[in-house]
Structures are given as C-alpha cells and as structure tokens.
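In what follows, chains carry the letters A, B, and so on, assigned in the order in which the sequence lines appear, proteins first and then strands, with residues in each chain numbered from 1.
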2 protein chains.
Amino acid sequence: MANQRVCIARPGLPDGPMGEAAEPSPSCPVEITLAALRGRWTTLVIRELLRGDRTFSELRRILPRLSDKVLSERLAHLADVGVVDRHRLSGWPPRVRYSLTPRGRSLGPVLQALWDWGRDSRVGP
Amino acid sequence: MANQRVCIARPGLPDGPMGEAAEPSPSCPVEITLAALRGRWTTLVIRELLRGDRTFSELRRILPRLSDKVLSERLAHLADVGVVDRHRLSGWPPRVRYSLTPRGRSLGPVLQALWDWGRDSRVGP
DNA sequence: CTGAATCCCTGCCGATACTG
DNA sequence: CAGTATCGGCAGGGATTCAG
C-alpha cells in the first residue's frame, strides 16, 4: 500500500533537507518560526500590532500584567528577527512607535492556523 | 481611513473573547496549540509520526540524540493533549506503537504554515 | 516615556542509573 | 524494549531599581 505521505516540506517539492533533520536545528524553517514566536506574551504583542501601530506605553496599557522589562525584551527580539520596526517619534515626552514589517504581517496566517487548531481542540464552547 | 483589521479570530466571525485576552491564558486557542508543540524535539517527533506509525525504539533510532527520558516525556505529553495514541503490541520483546490521532494528523497544515513562514524568512537558500 | 541592570526563583532538558 | 528516578546546569521571566 502507499506509504502515508504527509509531507511537511512544501507541497510539490521533494522533502527538503530540514524535513530530514535528525535533531533540533536553528536553520529548520519550523524552528525559525517557533523561535520568532517564542516566549510568553509574544503572540499577544504580535496580535496587538496586527491591529495597528502601538507605542510602548500603549502596549503596556493594553497588556497591564506585562512588565516593562519583558515587553522591551520581546520587542527587541521581534525587531531582531525582522518582525517589528521601531520608530522614534520626535517631541516630548519621547515615544517610540512599533509597527509590523511585511514579514511580521505575514505571521497573520500562521497565527490563524494556530488559532484554528487550538479552537477545534477545545472541549468547551 | 479604514483601520487595518487583520483579525486573528476566525474570518467572518467577530473577535472571540480570546482575541481580546489581556494576558497569557491556557484557554487561548493559540496557546493551546503552542502548548501542544512546546518542548525541544516535539515537532520532530510529530513529523516522524506524520510519516507513519513508529515504535519507541524506532523513534530513538531516527532521532539518535534524543534521550529516552525526553522521548517518553514528549510522547506522554502528546498523548495527554490527544495528539498521539499508544498501542501495546503483544509478544516479546515488549513494543509500543505510537500513532497520530486524527487531531494529531490535523497538525499537518499547522506545521506546514510554520515551515512556510520560516522558509520564506531565511536569508540563505 | 522608554528602556537597561540586577536579583532571584522556577522549570526545562541532558546525563546517568535503575526497573518491569 | 520501554520506560521511571534522580541530579545538576542553565535559560526564561517576574519584581524592583536605575538611567537617557
């Protein structure tokens, strides 16, 4: 019988080398994405930025239990991986506007896929 | 101007309550999925099971650097969240076959989404 | 306002050894 | 073969404090 070929690599392409990874590797596409989303609060910050640009203090107000230390860590990390852009606003008091890059916005379908599976897997409503 | 409405909730539905979560919550669909995938080696184990049923020792052979302790932890966790089924095979030596549940198989598109974003985000080939 | 520095505590994961 | 028990290192993240 045909072996069940549920391929993680792109459909139509042969299994890429990472589809054969024998151990966790930072160059595996799946791990690249999970690394970008890694850390508590990260997906909530991205969700908020998907709704529009936000300043540091706006994010703190929307996510009140998120400490400034962790928020700045998350934003720095997301900037490192090319998901968010930082933009100093002139004037006083100093403000910084955070926005998603195109690559950050392209996380929308990814989060949607995560949402859909999680929603379908819940017991309750 | 129209506010940029990139909605994480299901398209066509109003934002669900979790789309408004002000802090990390185990009942958030996104976190349910990330919790299922959480932990080193987890996605590699799932990838291997997407290709077909495997026994404990087969998984250890395919992922040689994965210790038996961590492998049994991962499999127990994936069984807990309803992603894998365990099946004792009769006879000697004792063997256990692991297979994905339908819910586990439905992780295929999720991993595909993660793969695609990570692949498109890499610098190199 | 927007962070960076420090401290501390917890949980993950690897290595090793042992059991049914 | 298929696990469990135990220990230790280390990184993540919360609270607090300090700086540009």
Side-chain angles (χ1 to χ4, degrees), chain A residues 21-26 28 30-31 34-46 48-49 53-81 83-99, chain B residues 21-26 28 30-31 34-46 48-49 53-81 83-99:
Chain A
E23 58 186 297
S25 158
C28 170
V30 171
E31 297 201 31
L34 290 177
L37 301 177
R38 176 115 40 218
R40 220 177 164 213
W41 298 97
T42 303
T43 56
L44 290 178
V45 170
I46 295 172
E48 210 44 49
L49 292 176
D53 298 357
R54 299 284 186 265
T55 66
F56 190 88
S57 53
E58 284 173 341
L59 290 170
R60 290 229 49 194
R61 194 175 59 252
I62 294 166
L63 306 170
R65 321 255 292 192
L66 171 55
S67 75
D68 52 359
K69 177 214 172 191
V70 173
L71 176 55
S72 62
E73 277 179 5
R74 293 296 172 266
L75 292 169
H77 173 239
L78 291 173
D80 279 345
V81 297
V83 165
V84 308
D85 261 342
R86 314 177 62 187
H87 184 37
R88 304 195 105 74
L89 302 178
S90 56
W92 191 264
R95 284 170 182 268
V96 179
R97 187 190 60 194
Y98 291 92
S99 58
Chain B
E23 58 186 298
S25 159
C28 169
V30 171
E31 296 201 31
L34 290 177
L37 302 177
R38 177 115 37 218
R40 218 177 164 212
W41 299 97
T42 303
T43 57
L44 291 178
V45 170
I46 295 173
E48 210 44 48
L49 292 176
D53 298 358
R54 298 283 187 267
T55 66
F56 191 88
S57 54
E58 284 172 340
L59 289 170
R60 289 228 49 194
R61 193 175 59 252
I62 294 166
L63 306 169
R65 323 254 292 193
L66 171 55
S67 75
D68 51 358
K69 177 214 171 189
V70 172
L71 177 55
S72 62
E73 278 179 3
R74 293 294 172 269
L75 291 169
H77 172 240
L78 291 173
D80 278 345
V81 297
V83 165
V84 308
D85 262 341
R86 315 177 62 184
H87 183 44
R88 305 194 105 76
L89 302 178
S90 57
W92 191 262
R95 282 169 183 269
V96 179
R97 189 191 58 195
Y98 291 93
S99 58

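Close approach of DNA chain D to chain A, defined as any atom under 4.0 Å from a non-hydrogen atom of the protein, starts and stops at D/dG13 to D/dT17.
If you take CG on A/L59 and CG on A/D68, they are separated by 12.5 Å, rounding to the nearest 0.5 Å. To the nearest 0.5 Å, atom CD of residue B/E23 and atom SG of residue B/C28 are 11.5 Å apart. Rounding to the nearest 0.5 angstrom, the gap separating the CG atom in B/L71 from the CD atom in B/E73 is 10.0 Å. Distance check, rounded to the nearest 0.5 Å: CD of B/E48 to CG of B/L44 gives 8.5 Å. To the nearest 0.5 angstrom, A/R38 atom CZ is 8.5 Å from B/R38 atom CZ.
At whole-Å resolution of the value, CZ in A/R86 and C1' in C/dG3 are 8 Å apart. The interatomic distance linking B/R38 (CZ) with C/dC12 (P) rounds to 9 Å, in whole Å. In this entry the distance linking NE2 of A/H87 with P of C/dT2 reads 14 Å, nearest Å. We find that CZ of A/R54 is positioned 14 Å from P of C/dT2, with the value rounded to whole Å. C/dC13 atom C1' lies 15 Å from atom CD of A/E23, rounded to whole Å. Nucleotide C/dC1 holds its P atom 11 Å from the CD atom of A/E58, rounded to whole Å. The distance from atom CG of A/L75 to atom C1' of C/dC1 is 14 Å, rounded to the nearest whole Å.
Contact of the A/H87 side chain with the A/S99 side chain is not registered, since no non-hydrogen atoms from C-beta on lie closer than 4.5 Å. No side-chain heavy atom of B/R86 sits less than 4.5 Å from a side-chain heavy atom of B/L75.
Among B/L37, B/D85, B/V83, the single residue meeting the side-chain contact (heavy atoms from CB on, under 4.5 Å) criterion with B/L78 is B/V83.
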- line: Expected string for nucleotides 14-20 of chain C under the B/S/- scheme (protein heavy atoms, under 4.0 Å, primed atoms plus P, OP1, OP2 as sugar-phosphate) is BB-B---

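Computed from C1' positions of five pairs at each end, the angle between the two local axes of the helix from C/dC1-D/dG20 to C/dG20-D/dC1 equals 40°, rounded to 10 degrees.
Across every non-hydrogen atom of A/V81 and A/A36, the tightest pair is CG2-CB, 4.2 Å.
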- request: Check the pair B/V45 / B/V84 against side-chain contact (heavy atoms from CB on, under 4.5 Å), numbers first and verdict last.
  value: CA-CA 10 Å; B/V45 170; B/V84 308; 6.0 Å; no

- request: Check step by step if side-chain contact (heavy atoms from CB on, under 4.5 Å) holds for B/R40 and B/V70.
  value: CA-CA 9 Å; B/R40 218 177 164 212; B/V70 172; over 6 Å; no

